[in-house]
S.K.: 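Input: one structure, supplied below.
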Amino acid sequence: MNNRGVANIFQNIADLLEIKGEPIYRVLAYRRASETVRSLGQSVEDVWREGGLEEIPGVGKAISSKIDELLRTGRLEFYEKLTTEVPPSLIDLLRVGDVGPKKAARFWKELGITSLDELEAAAKAGKLRELRGMGKRSEARILESLEALKRRQTDRVLINHAWETAQGLLASLQELPVVVKVEAAGSLRRWRETVGDLDLIAASEDAGPLMDAFLEFPQVIRIIARGETKISVELYDGLRAQLWVHPPSRFGTALQYATGSQAHNVRLRELAKRFGLSLSEHGFKREDDSEITCAEEAEVYQILGLPWIPPELREDRGEVQAAMENRLPQLLTQSDLVGELHVHTDWSDGASTLKEMVEAAQEFGFQYLAITDHSQSLAVARGLDVDRIRQQRMAINEIQRSMGDDIHILHGVEIEILADGRLDYPDEILAELDLVIASLHTALRQPRETITARLLKAIRNPHVDMIGHPTGRLIGIREPADLDMESILEAAAEHQVALGINAFPERLDLSEGHARRAVEMGCLLAVNTDAHHPEHFTFQKYGVGVARRAWVGPGSVVNSWPFDRVYEWLSTRG
DNA sequence: GCCGTTTTCGGCCCGACTGTTTTCAGTCG
């Protein structure tokens, strides 16, 4: 069982215990364990084998013995017993807005409801309003939430979708005279790979008129809730957005609060208590109720004796401790990336010509660019055979001559790792190329040993310089290949083969957990866009987000190196 | 159920918003 499997079970346990009415801190313990296992950079099975389960934050005796049982037997008696006490289908009800554990439990016990369909039928039949503490309006809200749930296909959207929607809203808000400034917060500001809803935070003295204007935006289709400092709406695409409005003098604490994560905020508030302070979105309160307000976010951290912590690190993964000890990492920035090493053209499945891509790369500010079209076996992408790739070399030389020294063009390939582990070109062809990226595109469902061995073989080939998108996952569409990542990272570190962080929003592969582990193990990384069109260069920011969330600095990212150093690294290889 | 620069037992953040309520519970972030 992989990390996701274990994490899902603990998440279900937390939900079921909460519906059952167990003490909330017991519930939170399972939820926290679920999250740490999910985002762990290593396989939980490896940790288990080495006897290190209890070193995982949030995993103690009780939970580690449950992980042990799961990994040994594939089953968990405690969980199976729990599902006989509380129907697991009740977990679906929690996805409905305004339905939490308490209501789910009552719907089940008092009305026999165990599914979304039954909930909808009961609401339509006017059954919910008969419960004590419920009324017509609660029933109508639940029906609305059920409709909203149907409108949105998934609970979380890809980051590029959220980013683009947010940019539109921010631009319109910016234009309103009552707005002093406005920023996106929440998981978007933390650059999580998917986003559940948009959190926008505005500085203004006139919350009411600002919210009125916001409701007039064409993107807004429905109010979910509205108060004095916060309005929550549904957007045309099913995404939900929250807009917080605070006076400019309190913008710092408000932005900090809305950025989260929740676990990070809890840490800060615990820390504040040690100073005799209480921290909320409005500001700090001393014990005598006097206030300290912060217009800037950095002041919030400063008052707690900390340097400003970049949003990407705010996940309660040791960043507060690191900040206290003044050892926050220097994080990669977009401006560090002076080159791009993974790009396609219309020689294979790209949309643009060689020249267009080179010119676009130069315009984007790259000092060097590697052209890496697909190899022959990937027929769907019109992969290049040996003759064609040799012809492409000449075409590249021609363009390099016409462009002068302003941009260095490398000739590479994204080579197929065939199902049996061989590469798609003979070694002597690979030796002619400046850069070889090896990628898995087919037979991704092979068993763990087979597919791991296949990737290891590619890493050990002296001509291979980089791995394209190591696990092949597509967020929400395809699971990552079942790789023994620990061995992969070890081999990549040993052979100094760079691992790509592919910036395509549905890939983001390596994921942040693996990327963090990779750096710990001394691997080289590369943040590449895999552009098939000039516009795809703008995906770079999403790859940078993954790297930053993984605590990655510029030193280990090869395309942040100057061209001479990259060239030297490549020249010393096969 | 976890955890320790107050603690191995007793804590474990803080507030907004809604609906159905006469003072609060539930949900959400």
Side-chain angles (χ1 to χ4, degrees), chain A residues 10 13-14 17-19 21-34 36 53-67 78 93-107 128-142 144-145 185-187 190 195-201 207 211 223-233 240-246 250 253-254 256-285 304-305 316 320-321 324-325:
Chain A
F10 285 125
I13 289 175
L17 288 176
E18 198 175 13
I19 294 170
E22 290 287 312
I24 189 64
Y25 291 112
R26 193 174 177 216
V27 173
L28 292 175
Y30 280 102
R31 209 157 270 157
R32 172 158 157 76
S34 166
T36 48
L53 285 179
E54 289 195 41
E55 279 153 45
I56 300 173
V59 175
K61 268 198 160 35
I63 290 182
S64 74
S65 83
K66 289 188 174 71
I67 297 177
F78 171 78
L93 302 193
L94 303 179
R95 296 174 60 219
V96 181
D98 291 315
V99 178
K102 298 289 193 302
K103 284 183 191 161
R106 293 190 60 204
F107 294 159
L128 302 186
R129 70 181 74 167
E130 292 168 8
L131 298 182
R132 201 166 51 80
M134 296 273 302
K136 271 190 195 168
R137 302 175 78 152
S138 304
E139 191 175 74
R141 276 179 77 86
I142 286 174
E144 274 185 7
S145 298
S187 48
R190 303 199 312 277
V195 173
D197 49 19
L198 297 180
D199 296 298
L200 308 175
I201 162 87
M211 290 180 188
I223 305 183
I224 298 170
R226 175 177 182 167
E228 282 175 27
T229 61
K230 176 184 152 182
I231 182 166
S232 179
V233 301
R240 285 156 307 182
Q242 258 101 231
L243 174 65
W244 278 273
V245 187
H246 286 269
R250 299 178 188 272
T253 39
Q256 194 290 314
Y257 158 77
T259 299
S261 65
Q262 211 164 346
H264 174 85
N265 287 356
V266 167
R267 273 297 163 230
L268 288 197
R269 288 164 178 191
E270 282 171 359
L271 188 57
K273 277 174 76 172
R274 286 194 226 161
F275 291 93
L277 297 169
S278 162
L279 170 61
S280 80
E281 58 264 49
H282 303 289
F284 289 94
K285 249 188 206 158
L304 296 171
D316 189 25
V320 174
Q321 192 65 31
M324 286 168 80
E325 294 163 8

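Lettering of chains follows the sequences in order, A, B, ..., and the numbering in each one begins at 1. These figures come from a predicted structure and were not determined experimentally. Keep in mind that the numbers below use all heavy atoms, side chains included, and drop hydrogens, waters and symmetry copies.
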S.K.: Please report the distance, rounded to the nearest Å, between CD in A:Glu54 and C1' in B:dG4.
M.R.: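 It is 16 Å, rounded to the nearest whole Å.
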S.K.: Reading nucleotides 8-17 of chain B from the 5' end, what letters show protein touch, with B for base, S for backbone sugar-phosphate only, - for no heavy atom under 4.0 Å?
M.R.: ----BBBSSS
S.K.: Ignoring the backbone of A:Ala62, work out which of B:dC2, B:dG26, B:dG19 is nearest its side chain.
M.R.: B:dC2
S.K.: Please report, rounded to the nearest Å, how far the P atom of B:dG29 is from the CZ atom of A:Arg190.
M.R.: 12 Å
S.K.: If I take atom CD in residue A:Glu55 and atom P in nucleotide B:dC3, what distance separates them, rounded to the nearest angstrom?
M.R.: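 Roughly 11 Å, once rounded to whole Å.
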S.K.: In whole Å, what is the span from the CZ atom of A:Arg141 to the P atom of B:dT18?
M.R.: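 Nearest whole value for this atom pair: 7 Å.
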S.K.: Assign each of A:Ile223 and A:Ser64 to its nearest nucleotide of DNA chain B by heavy atoms, then name whichever residue's nucleotide is nearer the 5' end.
M.R.: A:Ser64
S.K.: Expressed in angstrom and rounded to an integer, what is the separation of A:Asp199 atom CG from B:dG29 atom P?
M.R.: 8 Å
S.K.: I need the CD-C1' distance between A:Glu18 and B:dT27, as an integer number of Å.
M.R.: 10 Å
S.K.: According to salt bridge (Lys or Arg N to Asp or Glu O under 4.0 Å), who are the partners of A:Arg267, at least two apart in sequence or on a separate chain?
M.R.: A:Glu270, A:Asp316
S.K.: Please list all pairs passing the side chain to side chain donor-acceptor pair (under 3.5 Å) test where one or both residues lie in residues 131-141 of chain A, with sequence neighbours left out.
M.R.: A:Asp98-A:Arg141, A:Arg129-A:Glu139
S.K.: Is the charged tip of A:Lys66 near the ring of A:Phe78: under 6.0 Å from the six-membered ring centre and within 45° of its axis?
M.R.: yes
S.K.: Listed by chain and number, what are the salt bridge (Lys or Arg N to Asp or Glu O under 4.0 Å) partners of A:Arg274, not counting sequence neighbours?
M.R.: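 If we apply the salt bridge (Lys or Arg N to Asp or Glu O under 4.0 Å) test to A:Arg274, skipping adjacent residues, there are no hits.
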S.K.: Give the rounded distance in Å between these two atoms: CD1 of A:Ile142 and P of B:dT18.
M.R.: 16 Å
S.K.: Quick one: A:Arg106 CZ to B:dT20 P, roughly how many Å, whole number?
M.R.: 12 Å
S.K.: Just name whichever nucleotide pairs with B:dA25, Watson-Crick or G-U, keeping both distances under 3.5 Å, else none.
M.R.: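 Pair assignment: B:dA25 / B:dT18.
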S.K.: Can you list the residues that meet the salt bridge (Lys or Arg N to Asp or Glu O under 4.0 Å) rule with A:Glu325, with sequence neighbours excluded?
M.R.: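 Only A:Arg327 meet the salt bridge (Lys or Arg N to Asp or Glu O under 4.0 Å) criterion with A:Glu325.
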S.K.: Just to verify, what does A:Glu228 make a side-chain hydrogen bond (donor to acceptor under 3.5 Å, both in side chains) with, not counting sequence neighbours?
M.R.: none
